[in-house]
J.: 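The structure's right below; bear with me while I get my questions together.
Every chain is numbered from 1 and lettered A, B, ... according to where its sequence line falls, protein lines coming before strand lines.
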There are 2 protein chains.
Amino acid sequence: MKKKARINPRKLPTQERSKQLVDSLLSATANILVRRGYEGLTTNRVADEAGVSVGSLYQYFPNKESLVEALIRRWSDGLMETIADHYLEVRNESIETAVDTMVRAALDSTRVDAKLHRILTQQIPNVNALPALELFNRRMSERVASWLELHREELEVEDLHLAAEIVVMTLAGLSDYALIQRPELLDSPSFVQHLSRLVLGYLAPTRASQLSASAGKRRRTSKRLAQS
Amino acid sequence: MKKKARINPRKLPTQERSKQLVDSLLSATANILVRRGYEGLTTNRVADEAGVSVGSLYQYFPNKESLVEALIRRWSDGLMETIADHYLEVRNESIETAVDTMVRAALDSTRVDAKLHRILTQQIPNVNALPALELFNRRMSERVASWLELHREELEVEDLHLAAEIVVMTLAGLSDYALIQRPELLDSPSFVQHLSRLVLGYLAPTRASQLSASAGKRRRTSKRLAQS
DNA sequence: TCAGAATGCGAGCAATTGCTCAGGTTTTGT
DNA sequence: ACAAAACCTGAGCAATTGCTCGCATTCTGA
């Protein structure tokens with residue numbers, strides 16, 4: 001148990017064989033994380049689960065942390081991709097619809113692989129994955145900001161970048177919170193409604209107030225099933 | 001390194017001497033957490049730092065986790081208290097002022113002992129402190145909910161309990177996020193402004209829209225320095 | 001074909017950790 | 001004063017972990 005034996009991997013996977021090996025190591029890592037948590041994650045165990053030997057593991061990962069880091073990178077890239085899709089979907093919609101879609105997208109992406117999502121977001125502080133997370137958030141914020149630009153005149157906030165960041169932070173935070181402490185909320189229609197109102201009321205309170213005024217008793221009818 | 005040797009402490013501190021011991025153990029735990037992180041937290045090290053022997057530690061804490069759990073309890077109790085004060089302050093104020101105060105309170109409580117706050121919230125998943133955290137959130141939500149009751153007619157949300165929970169979750173989440181990823185924001189006036197707008201726009205979009213309408217060019221002048 | 005590079009193996013080392021226990025010291029109640 | 005209870009000590013056990021290294025196997029390209 002030295003301090004930090006090595007920082008770079010000894011080799012990069014060039015042949016197909018080794019690429020598969022790296023891949024199965026990451027999958028094994030994910031499995032073990034889900035089944036036994038971070039405490040139960042052992043390099044020996046990972047190698048075992050992946051059906052390779054520890055030695056091979058240490059060819060491509062300099063240490064235990066880097067395993068989790070790599071997994072987080074793979075995972076957040078996937079997340080980014082699916083959310084980018086929603087972003088495209090939404091370019092030409094009204095603010096109300098777009099916000100609704102974004103909220104659903106956030107909740108959906110939390111639900112997918114919920115258990116892994118949960119463990120990864122929780123364990124991020126344990127590994128040096130903050131940079132990766134920051135990057136992720138920055139890219140998300142930029143996306144949202146550039147979407148906000150499209151609606152500039154309808155919005156009642158000036159600093160669109162700060163606004164975008166706050167929206168992203170809010171949705172991510174509330175999704176995670178719900179996942180961890182109130183899983184029922186994730187599937188509750190009224191939760192979606194409230195989140196939409198939260199975001200819309202922030203970006204365009206006037207529109208939001210109109211909306212809640214016109215919804216005296218009747219249910220609001222917003223369809224749009226986010227998928228993926 | 002057994003699995004979980006014992007769950008209950010052997011003794012409860014009854015004499016004054018041992019109470020001080022327990023206290024210094026918790027403080028030592030906090031110090032070490034701040035200086036070396038959770039990885040660096042060792043029962044031997046804690047005992048050393050507190051100037052007692054490991055044996056004594058294990059008289060009052062059944063295992064390592066319980067140390068951190070106890071620390072989290074002590075810390076969240078303190079938090080709860082200071083925030084409860086703000087709650088009293090605010091009973092007779094307008095929604096706008098009250099929201100502003102709550103936002104500032106949230107940011108303040110994050111700033112105090114920022115480093116410890118950060119490590120504790122991050123390490124909560126590592127120990128069995130979720131129950132304590134849930135309790136904390138529930139109590140906070142109840143406080144906020146009962147405050148919302150006072151303004152029932154002015155609000156444009158029906159489910160006040162859900163609303164309270166969302167407000168609490170939002171403020172806590174954004175404060176933590178800011179602390180960890182954008183510390184500058186914690187002291188930025190415009191961040192406070194945005195958060196107030198976020199919450200107000202959710203609870204009472206009509207009022208929020210009036211507010212942002214009347215703030216064409218001029219700076220909004222909201223004083224009120226939250227202290228504590 | 002075949003050398004050398006890439007890949008893979010896994011027993012085992014070195015270090016560390018959480019925790020115990022037999023025994024000493026201090027406090028309390030009488 | 002004195003016994004019992006509460007408190008404290010710390011050497012060291014048992015287990016576990018991250019990681020290395022000498023060697024075997026497979027692949028690549030000329």
Side-chain angles (χ1 to χ4, degrees), chain A residues 1-26 28-29 32-33 36-71 123 126-128, chain B residues 1-26 28-29 32-33 36-71 123 126-128:
Chain A
M1 254 172 151
K2 305 277 179 57
K3 327 216 74 177
K4 191 72 75 60
R6 189 179 263 107
I7 12 179
N8 291 7
R10 311 183 177 184
K11 294 178 182 174
L12 293 180
T14 63
Q15 300 180 3
E16 186 57 28
R17 186 166 46 133
S18 52
K19 282 183 187 166
Q20 281 184 2
L21 190 153
V22 165
D23 218 62
S24 62
L25 280 174
L26 290 185
T29 304
I32 294 176
L33 278 179
R36 346 215 349 175
Y38 188 78
E39 297 278 279
L41 189 74
T42 288
T43 46
N44 288 295
R45 191 126 61 198
V46 170
D48 218 47
E49 172 96 13
V52 299
S53 91
V54 239
S56 303
L57 187 157
Y58 280 96
Q59 297 291 328
Y60 305 100
F61 298 96
N63 51 51
K64 182 184 163 181
E65 277 193 11
S66 67
L67 253 181
V68 186
E69 283 173 39
L71 180 60
Q123 292 307 335
N126 278 344
V127 293
N128 183 17
Chain B
M1 254 173 151
K2 305 279 178 57
K3 327 215 76 177
K4 189 70 74 62
R6 189 179 262 106
I7 10 180
N8 291 5
R10 311 184 177 185
K11 294 179 183 174
L12 294 179
T14 64
Q15 301 180 2
E16 185 56 28
R17 188 165 46 134
S18 53
K19 281 183 188 165
Q20 282 185 2
L21 190 154
V22 166
D23 217 65
S24 63
L25 280 174
L26 289 185
T29 304
I32 294 177
L33 277 178
R36 345 214 352 174
Y38 188 79
E39 294 280 279
L41 188 75
T42 287
T43 47
N44 288 295
R45 191 128 59 200
V46 170
D48 218 49
E49 173 97 10
V52 299
S53 91
V54 238
S56 303
L57 187 158
Y58 281 97
Q59 296 291 329
Y60 305 100
F61 298 96
N63 51 52
K64 181 184 165 183
E65 277 193 8
S66 68
L67 252 182
V68 185
E69 283 174 37
L71 179 61
Q123 293 306 335
N126 278 345
V127 294
N128 182 16

J.: Can you give me the dot-bracket string for DNA chain D, 5' to 3', counting Watson-Crick and G-U wobble pairs with both distances under 3.5 Å, using [ ] for crossing pairs and | for partners on another strand?
T.: ||||||||||||||||||||||||||||||
J.: Is the distance from OP1 or OP2 of D:dT17 to the nearest side-chain N or O of A:Thr42 less than 4.0 Å?
T.: yes
J.: My understanding is that only one of A:Val46, A:Leu67, A:Leu21 makes a side chain to side chain contact (heavy atoms under 4.5 Å, CB included) with A:Leu26; could you say which?
T.: A:Leu67
J.: Mind listing the closest non-hydrogen atom pair of B:Lys64 and B:Thr43 along with its distance?
T.: CB-CG2, 3.9 Å
J.: Examine D:dC7: is either OP1 or OP2 under 4.0 Å from a nitrogen or oxygen in the side chain of B:Ser56? Give yes or no.
T.: no
J.: Atom CG of A:Asp48 and atom P of C:dC9: how far apart are they, to the nearest Å?
T.: 11 Å
J.: Nearest whole Å is fine: how far is C:dG18 C1' from B:Ile32 CD1?
T.: 14 Å
J.: Considering only D:dG10, C:dG18, C:dC9, which nucleotide approaches the side chain of B:Asn44 most closely?
T.: C:dG18
J.: Rounded to the nearest Å, what distance is computed from the CD atom of residue B:Gln59 to the P atom of nucleotide C:dC21?
T.: 12 Å
J.: Mind checking if A:Leu67 touches a base, just sugar-phosphate, or nothing, with heavy atoms under 4.0 Å?
T.: nothing
J.: In whole angstrom, give the distance that lies between atom CG of B:Leu41 and atom C1' of C:dC19.
T.: 15 Å
J.: Are the side chain of B:Ser53 and the backbone N or O of B:Gly55 linked by a donor-acceptor pair below 3.5 Å?
T.: yes
J.: Just wondering, do A:Tyr38 and A:Val68 contact through their side chains at under 4.5 Å, heavy atoms?
T.: yes
J.: May I ask you to evaluate whether B:Tyr58 reaches the phosphate of C:dC21, defined as a side-chain N or O under 4.0 Å from OP1 or OP2?
T.: no
J.: Please give, in whole Å, the distance from C:dT27 P to B:Lys19 NZ?
T.: 16 Å
J.: How many angstroms lie between atom CD of A:Glu49 and atom CZ of A:Arg36, to the nearest 0.5 angstrom?
T.: 9.5 Å
J.: At 4.0 Å (heavy atoms only), tell me whether A:Leu57 reaches a base, stays on the sugar-phosphate, or touches nothing.
T.: nothing
J.: For A:Glu39 and D:dA15, give me the distance from atom CD to atom P, rounded to whole Å.
T.: 19 Å
J.: Starting at the 5' end of DNA chain C and moving along, which residue's nearest nucleotide shows up first, B:Thr43 or A:Gly55?
T.: A:Gly55
J.: Rounded to the Å, how far apart are B:Gln20 CD and D:dC8 C1'?
T.: 14 Å
J.: Please report the shortest heavy-atom distance between A:Arg45 and A:Gly40, naming the atom on each side.
T.: NH2-O, 2.9 Å
J.: Which one, C:dC19, D:dC8, D:dC19, comes nearest to the side chain of A:Val54?
T.: D:dC19
J.: Mind calculating the distance between CZ (A:Arg45) and C1' (D:dG18) to the nearest angstrom?
T.: 13 Å
J.: With sequence neighbours excluded, what pairs up with A:Asp23 under the salt bridge (Lys or Arg N to Asp or Glu O under 4.0 Å) test?
T.: A:Arg74
